[in-house]
Amino acid sequence: MTISALQKARYSYSPKLPLILREDIREIKPVLGQSTSAASDQEALKQLFPNTYGLPKVTFEKGHNTSIGKKFNVGVILSGGQAPGGHNVICGLYDALKNANRENTLYGFIGGPSGILDDKYIVMTDELINAYRNTGGFDIIGSGRTKLETKEQFKVCTEVCHRHDINAIVIIGGDDSNTNAAVLAEYFRAQGENICVVGCPKTIDGDLKNESIETSFGFDTATKTYSELIGNIERDANSARKYWHFIRLMGRSASHIALECALQTQPNICLIGEEVEAKNQSIEEITNYIADVIAKRAENGNNFGVVLVPEGLIEFVPSLKVLISEINDLLARTEKEFNAIETVAEKICFVESKLSAGSRKVFDSLPEEIKGQLLADRDPHGNVQVSRIETEKLLIQTVTKRLKEMKAAGTYCGKFSTQNHFFGYEGRCAFPSNFDSDYCYSLGYNAVLLLSANLTGYLSSVTQLSKPADQWQAGGIPITMMMNMEQRHGEQKPVIKKALVELDGEPFKYFQAHRDVWAVETAFTYPGAIQYYGPAEVCDQSTMTLKLEHK
Ligand code: FBP
């Protein structure tokens, strides 16, 4: 196989670990802290997790580890969307297992959670691991969006674990996958099975975070990749001075990605879904805001600019949120009938005829293209796939219309020519930044210390991440501590609370304090490509979000 020079160089990069994890693994012992409780719904969660609720937080210190030398067979699963650094979690797991005992085995289940259900796996070897060190992607074993959530599935997991004598499963996933990891851990305990489940916090969306988990992995690299591209577009815009670029950015729900990219590139406009919801803004109001900025810049002769649009925006606009939820319910109820309809135009008519009066009005106001996109396949949770809805194009249309009205009313609006972009998949498999390489390797390494101490239902945690790696703190957080009860598909379910952008949080406040200047002036910043080699201030910087949240 031919490999690039960078890939070759990255194979020999040694990820930086927190100091404690640099010790001989047999001389690192877990320390159990105080028992924990969930932030809310404690009683309900206690009932649902009688064996794993209230577990203590775990840290590590130097000292003889009595359990690490035993033989462990561990299964690892990559779950959900790709995020840079996933391979390094697996490398960290593998190295820690082998450092503890050369006889230990790491099974990689193929294609996501369905791999364990179908008992499809590979056994990791030095050769395989060495070919994936510090590389992007999840292709070492693949990922998938099957959910591990039913008792029947858990029974199959148990059988597969027995078949291979597996005593621990590591699930690398986002909030839903780790919620299910906690449920599986509880199931194993309730059944008297001695199989540990440990999770690792993954998602480029950055919405799996709380007091104990400072960031999910992949957010750093993905936002740096998008920011490089945005910076390049900004420079192009500032050179040609003839286009307004509307750039939609991934992040299914929360706007963390858009906010971080805005902090890194200082565009003229960045919309934040959570703010739109809090202010109950309509598409019309968002359109007016954008059009006003365009007109102000035109007054100064600047007929160009950059607008960042989070892909989750559409579900934060209250009227669209109601519409989408009506469509989701309708499609779930009429699945067969709907799927039998052949053309998009007919599907649109079918849906239109069944919406409430209010939602029908909103639906009718949308361009045909967007209507069709709103009816595309649902994700495994029955939700609309926002990555397939071209909100940036919708806004270009509404803004064009608004500018015409403003011109007709005598406002000078200059010339409005546009380009549209969507950045999502470009960032999910990038070579992990040094931050993500180090963080992910540490998460994997750390997970072995948790599972070898039979600590189940934990999320591998590394904190103090805004400091240099040697000051990072390694440990484990009981997953139930991060849970609350939420209404899902008409039922109260225990779930890890999704972290949305906090409007009183430091990253948003910083953005808010600067955005009016960025809107009118051309204050673009150009972060450039991720650097892997060179001085720490160029190569080892974490995100602005992390720095502002932990300053
Ligand atoms: P995860 O939550 O599984 O990490 O995935 C996040 C994400 O990348 C979103 O940003 C995006 O909307 C979605 O996945 C796209 O999903 P798919 O890969 O199935 O198209």
Carboxylate-amine/guanidinium proximity below 4.0 Å for [X] and [Y]:
{"X": "Lys347", "Y": "Glu342", "result": "no"}
{"X": "Glu506", "Y": "Lys551", "result": "yes"}
{"X": "Glu228", "Y": "Lys224", "result": "no"}
{"X": "Glu352", "Y": "Lys371", "result": "yes"}
{"X": "Asp329", "Y": "Arg333", "result": "no"}
{"X": "Glu405", "Y": "Arg402", "result": "yes"}

Answer yes or no: does atom [atom1] of [X] have more than 12 heavy-atom neighbours from other residues, nucleotides or ligands under 6.0 Å?
{"X": "Lys407", "atom1": "NZ", "value": "yes"}
{"X": "Gln385", "atom1": "CD", "value": "yes"}
{"X": "Glu211", "atom1": "CD", "value": "no"}
{"X": "Arg388", "atom1": "CZ", "value": "yes"}
{"X": "Lys547", "atom1": "NZ", "value": "yes"}

With distance as the sole criterion, is a donor-acceptor pair present between the side chains of [X] and [Y] under 3.5 Å?
{"X": "Thr221", "Y": "Ser433", "result": "yes"}
{"X": "Lys467", "Y": "Gln464", "result": "yes"}
{"X": "Glu260", "Y": "Thr223", "result": "no"}
{"X": "Asn88", "Y": "Asn134", "result": "yes"}
{"X": "Glu346", "Y": "Thr343", "result": "yes"}
{"X": "Glu315", "Y": "Ser253", "result": "no"}
{"X": "Ser282", "Y": "Glu285", "result": "yes"}
{"X": "Glu390", "Y": "Gln373", "result": "yes"}
{"X": "Glu274", "Y": "Ser255", "result": "yes"}

Side chain of [X], backbone of [Y]: donor and acceptor closer than 3.5 Å?
{"X": "Ser359", "Y": "Leu355", "result": "no"}
{"X": "Asn434", "Y": "Asp540", "result": "no"}
{"X": "Tyr226", "Y": "Gly424", "result": "yes"}
{"X": "Asp139", "Y": "Gly142", "result": "no"}
{"X": "Glu549", "Y": "Gly505", "result": "no"}
{"X": "Thr179", "Y": "Ile496", "result": "yes"}
{"X": "His256", "Y": "Ala499", "result": "yes"}
{"X": "Gln531", "Y": "Cys539", "result": "no"}
{"X": "Asn303", "Y": "Gly414", "result": "no"}
{"X": "His87", "Y": "Ile140", "result": "yes"}

State, to 0.1 Å, how close [X] and [Y] come at their nearest heavy-atom pair, and which atoms those are.
{"X": "Ile204", "Y": "Phe219", "value": "O-CD1, 3.1 Å"}
{"X": "Lys202", "Y": "Ile172", "value": "CB-CG2, 4.0 Å"}
{"X": "Thr146", "Y": "Ser114", "value": "OG1-CB, 3.6 Å"}
{"X": "Tyr533", "Y": "Tyr13", "value": "OH-CB, 4.4 Å"}
{"X": "Gly85", "Y": "Cys440", "value": "O-CB, 3.2 Å"}
{"X": "Ser143", "Y": "Gln82", "value": "CB-OE1, 3.6 Å"}

Could you grab the distance from atom [atom1] of [X] to atom [atom2] of [Y], nearest 0.5 Å is fine?
{"X": "Ile479", "Y": "Ser212", "atom1": "CD1", "atom2": "OG", "value": "12.0 Å"}
{"X": "Ile257", "Y": "Asp205", "atom1": "CD1", "atom2": "CG", "value": "5.0 Å"}
{"X": "Ile314", "Y": "Lys321", "atom1": "CD1", "atom2": "NZ", "value": "13.5 Å"}
{"X": "Thr543", "Y": "Asp436", "atom1": "OG1", "atom2": "CG", "value": "9.5 Å"}

Side-chain heavy atoms of [X] within contact of [Y], under 4.5 Å:
{"X": "Leu323", "Y": "Leu366", "value": "yes"}
{"X": "Thr334", "Y": "Glu337", "value": "yes"}
{"X": "Tyr132", "Y": "Ile90", "value": "no"}
{"X": "Thr203", "Y": "Ser216", "value": "yes"}

Residue list, side-chain contact (heavy atoms from CB on, under 4.5 Å) with Gln419, at least two apart or on another chain: Tyr243, His245, His421
Relative to each other, are the rings of Tyr510 and Trp518 parallel, tilted or perpendicular (30° and 60° limits)? tilted
Give a yes/no verdict on a cation-pi contact between [X] and [Y], requiring under 6.0 Å between NZ or CZ and the six-membered ring centre and an angle within 45° of the axis.
{"X": "Arg360", "Y": "Phe363", "answer": "no"}
{"X": "Lys354", "Y": "Phe350", "answer": "yes"}
{"X": "Arg248", "Y": "Phe422", "answer": "yes"}
{"X": "Lys393", "Y": "Phe246", "answer": "no"}
{"X": "Arg133", "Y": "Tyr441", "answer": "no"}

From Arg297, Arg241, Gln266, residue fulfilling side-chain hydrogen bond (donor to acceptor under 3.5 Å, both in side chains) relative to Thr522: Arg297
If the test is side chain to side chain contact (heavy atoms under 4.5 Å, CB included), which one of [options] qualifies with [X]?
{"X": "Leu313", "options": "Val386, Val276, Leu320", "result": "Val276"}
{"X": "Glu486", "options": "Lys498, Glu491, Lys497", "result": "Lys497"}
{"X": "Leu249", "options": "Pro310, Cys261, Ser227", "result": "Cys261"}

Go through Lys16 and Ser437 one step at a time and tell me if the side-chain contact (heavy atoms from CB on, under 4.5 Å) criterion holds. CA-CA 8 Å; Lys16 298 184 277 299; Ser437 296; over 6 Å; no
Begin with the C-alpha distance, continue with both residues' side-chain angles, and end with the deciding distance and a verdict on side-chain contact (heavy atoms from CB on, under 4.5 Å) for Ile327 and Arg378. CA-CA 10 Å; Ile327 298 178; Arg378 269 32 202 168; 3.5 Å; yes
Residues Ser417, Trp244; criterion side-chain contact (heavy atoms from CB on, under 4.5 Å); working and verdict: CA-CA 6 Å; Ser417 300; Trp244 271 89; over 6 Å; no
